[in-house]
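Quick notes on the structure that follows.
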Amino acid sequence: MVVADTAMLSKYAHLCEVPVRPARWLTESVRDHRLKSPDLYRFCTPSAETCLRAPPSSSKRRYNYSEFRVEVNYDLKSQSAKRRKVVDYSLSSGSTASDQSDSIVKNLFPVLKISRPPSTVRHSEAVETVSSPSARPRRWACEIRPTMSDTDFPMNAKICELLGVVQEAYALKKDHFRTLGYQRAIAKIRSLPHEVLTIDDVRSLGGETSIGSRIERKITEIITTGRLLQAETVLNNSENVAVKTLCDVWGIGPVKAMGLVAEGITSIEQLRAAVRKNDSLLDLNQKIGLKHYEDLLHRIPREQVAELEYYVRRIVKRVDSSIDIKVAGSYLRGKKSCGDVDILVYGSSQKLKKAFPEITKRMKKDGVLTDDLVHGAGKYFGIFKFPGRRHGRIDLFAVPHEQYPYALLTYTGSAVFNSHQGLQKVCRTNYSRTRVEPPIRVRDEKEIFLLLDIPYVPPSARSIS
DNA sequence: AGGCGGTACTG
DNA sequence: CAGTACC
DNA sequence: GCCT
């Protein structure tokens, strides 16, 4: 099943191999901290009719999350009568968090392999994988269509490249929404199953395409002339190029960069010279970003992230053995290299209060954390370094265990993946340091997918851009 | 005409 | 408060 | 920028 608004429905319902449910269902379930009966929230449009799940045979079935009894549709692709399984388990258990999650996973997803710790296995095995592809839907709700590789359709790639130049220029001007418009149009082109060689290839899509008259005109220009004047103007604008370069320094954004360019600073070297003369040109974080500019341009090899994980866990366990860590982000998604390292530090909020500052303190004493960028009560952003290695960016998040699955989902990303299907919304509502009400209780990420009734997507499949 | 993500930290 | 960053 |  898919949580959808009306626009979503008209766009994607025909692609869904699972039932569709209105967003109102999610909103009210979240608000009231219990799952509303889906039968009260059905779309009645003909196109969605075939997607709707048949009403439960037992009219007494309740969707109360406190007793956590939900239906699991774990073989959505099966053409035969839908196989269903009712899962019913109590929320009390003496086992550890990872034991719990493993056994739950095995119960819910018999075909799922549970990985050993990433540091002890080869990269390709380091993420949870589904052993039998036929045991889950081919097309996930969060992955509406596969993205074509650039070589598939040269013209599409060209269009995306040139529109991307314009989009970046708007991003630097902080024209947030025009940027968004271009991003969506580019995503659309990239997802097309055919090459755009005439403008009719775009027009024939019909419906909501994210491509309006303006972008359509630009696409026409690219198709007919092979060029886009506006993009060339941007690329030839040295001021633009300089702003972009300066924005690569952590802590410098478009506004600061434009200010620097206005002062005649157009390169990293010039910026360093300028800071030597005027110490207050940059704030503390920007100076740190500049100091490690070259190192931070490099991605961190997966093996080194695993080393860091080992080290941080050792520190954490010494501070408080009831606390554990989880490396999320692109590492958890199985990438061979990571732009930074995201680490969730999770345990009881009481213990975290004392332990979290202590953990970063010890890492600093060891010389592993070399610079602090942000340290709040619930998050730490900084720079780490191991002997003989480059500096790298590290983020630590203190997560109370009842919010852990939401935080894990959030920080595993990708950002684009999270932006689909209400994932962002449900995580936001339930993972927040300032949150007062208790979150909807879930034990692991899979239960969040259940909550949304979206087929589970393993981390390795969430790297959509 | 108005929406397009929400939150947390720095200075 | 604006700016920047996080996914 | 696009969409409702």
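Quick caveat, the model's predicted, so the values are computed rather than measured. In the text below, chain A, chain B and the rest are named by the order of the sequence lines, each starting its count at 1.
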Can you tell me if Tyr182(A) touches the phosphate of dG1(D), counting only side-chain N or O atoms and a distance under 4.0 Å to OP1 or OP2? yes

So, Tyr311(A) versus Phe384(A), ring centres under 6.0 angstrom or not? no

Base, sugar-phosphate, or nothing: which does Phe397(A) touch, judged by heavy atoms less than 4.0 Å apart? nothing

Out of dC9(B), dC7(C), dG11(B), which nucleotide sits closest to the side chain of Lys379(A)? dC9(B)

Answer yes or no: does a side-chain N or O of Trp250(A) lie under 4.0 Å from OP1 or OP2 of dG3(C)? no

Does the side chain of Ser337(A) pick up a donor-acceptor pair with the side chain of Arg299(A) at under 3.5 Å? yes

Report yes if at least one side-chain N or O of Arg393(A) is closer than 4.0 Å to OP1 or OP2 of dC6(C); otherwise report no. yes

Checking dC7(C), dG3(C), dT4(D) against the side chain of Gln424(A) (C-beta onward), the nearest is dC7(C)

Closest-nucleotide 5' rank along DNA chain B - winner of Val374(A) and Phe177(A): Phe177(A)

Give a yes or no answer on whether the side chain of Thr266(A) reaches the backbone of Val261(A) with a donor-acceptor pair at less than 3.5 Å. no

Whole angstrom is fine here: how far is it from OH in Tyr431(A) over to C1' in dC7(C)? 10 Å

For dC2(D) versus dG6(B), give the span between their P atoms, rounded off to a whole number of Å. 23 Å

Atom NZ of Lys326(A) and atom C1' of dC7(C): how far apart are they, to the nearest Å? 17 Å

Short side-chain to backbone donor-acceptor contact, Arg441(A) and Glu402(A), under 3.5 Å: no

Here the distance between atom C1' of dG6(B) and atom OH of Tyr406(A), to the nearest Å, is 17 Å

Looking only at side-chain N and O atoms, does Thr209(A) come under 4.0 Å of OP1 or OP2 in dC3(D)? yes

Expressed as a whole number of angstroms, how long is the span from Arg217(A):CZ to dC2(D):C1'? 14 Å

How would you label the contact of Ala377(A) with the nucleic acid (heavy atoms, under 4.0 Å): base, sugar-phosphate, or nothing? sugar-phosphate

Could you give the NZ-to-P distance, from Lys188(A) to dC2(D), as a whole number of Å? 14 Å

Looking at Lys291(A) and Asp371(A), is there a salt bridge between them, counting it only when a charged N and a carboxylate O are closer than 4.0 Å? yes

Using a heavy-atom cut-off of 4.0 Å across all strands, would you classify Ser419(A) as base, sugar-phosphate, or nothing? nothing

May I ask you to say what Asp175(A) touches in the nucleic acid, namely base, sugar-phosphate or nothing, with a heavy-atom cut-off under 4.0 Å? nothing

Which nucleotide, dT10(B), dG1(D), dC7(C), lies nearest any side-chain atom of Lys218(A)? dG1(D)

Side chain of Ala415(A): nearest nucleotide among dT10(B), dG11(B), dC7(C)? dC7(C)

Can you check whether Tyr411(A) has a side-chain N or O nearer than 4.0 Å to OP1 or OP2 of dC6(C)? no

Arg428(A), nearest nucleotide to its side chain (from dG6(B), dG11(B), dC7(C)): dG6(B)

Scan side-chain atoms only and decide if Lys218(A) and Gln230(A) contain a donor-acceptor pair under the 3.5 Å cut-off. yes

Report the nucleotide, chosen from dC6(C), dG11(B), dG1(D), that has the shortest atom-to-atom distance to any side-chain atom of Arg184(A). dG1(D)

Between dC2(D) and Arg214(A), is there an OP1 or OP2 to side-chain N/O distance shorter than 4.0 Å? yes

Within the structure shown, what part of the strands sits under 4.0 Å from Thr179(A) by heavy-atom distance: base, sugar-phosphate, or nothing? nothing

Answer with base, sugar-phosphate or nothing: what part of the nucleic acid does Leu180(A) contact at a heavy-atom distance below 4.0 Å? base

What's the closest nucleotide to the Glu208(A) side chain, out of dG1(D), dT4(D), dC6(C)? dT4(D)

Could you check whether Ile211(A) gets within reach of a base, just the sugar-phosphate, or nothing at all, counting any heavy atom under 4.0 Å? sugar-phosphate

Take the protein atom CG of Leu228(A) and the nucleotide atom C1' of dG1(D), then report the distance between them rounded to whole Å. 14 Å

For the residue pair Tyr380(A) / Asp372(A), report whether a side-chain donor-acceptor contact shorter than 3.5 Å exists. yes

Can you identify which nucleotide, out of dG1(D), dT4(C), dT4(D), has its nearest atom closest to the Lys174(A) side chain? dT4(C)

Find the distance Gln403(A):CD to dT7(B):P and express it as a whole number of Å. 13 Å

Establish, with yes or no, whether the OP1 or OP2 oxygen of dA8(B) is under 4.0 angstrom from a side-chain nitrogen or oxygen of Ser432(A). yes

Tell me: NZ of Lys425(A) to P of dT7(B), nearest whole Å? 12 Å

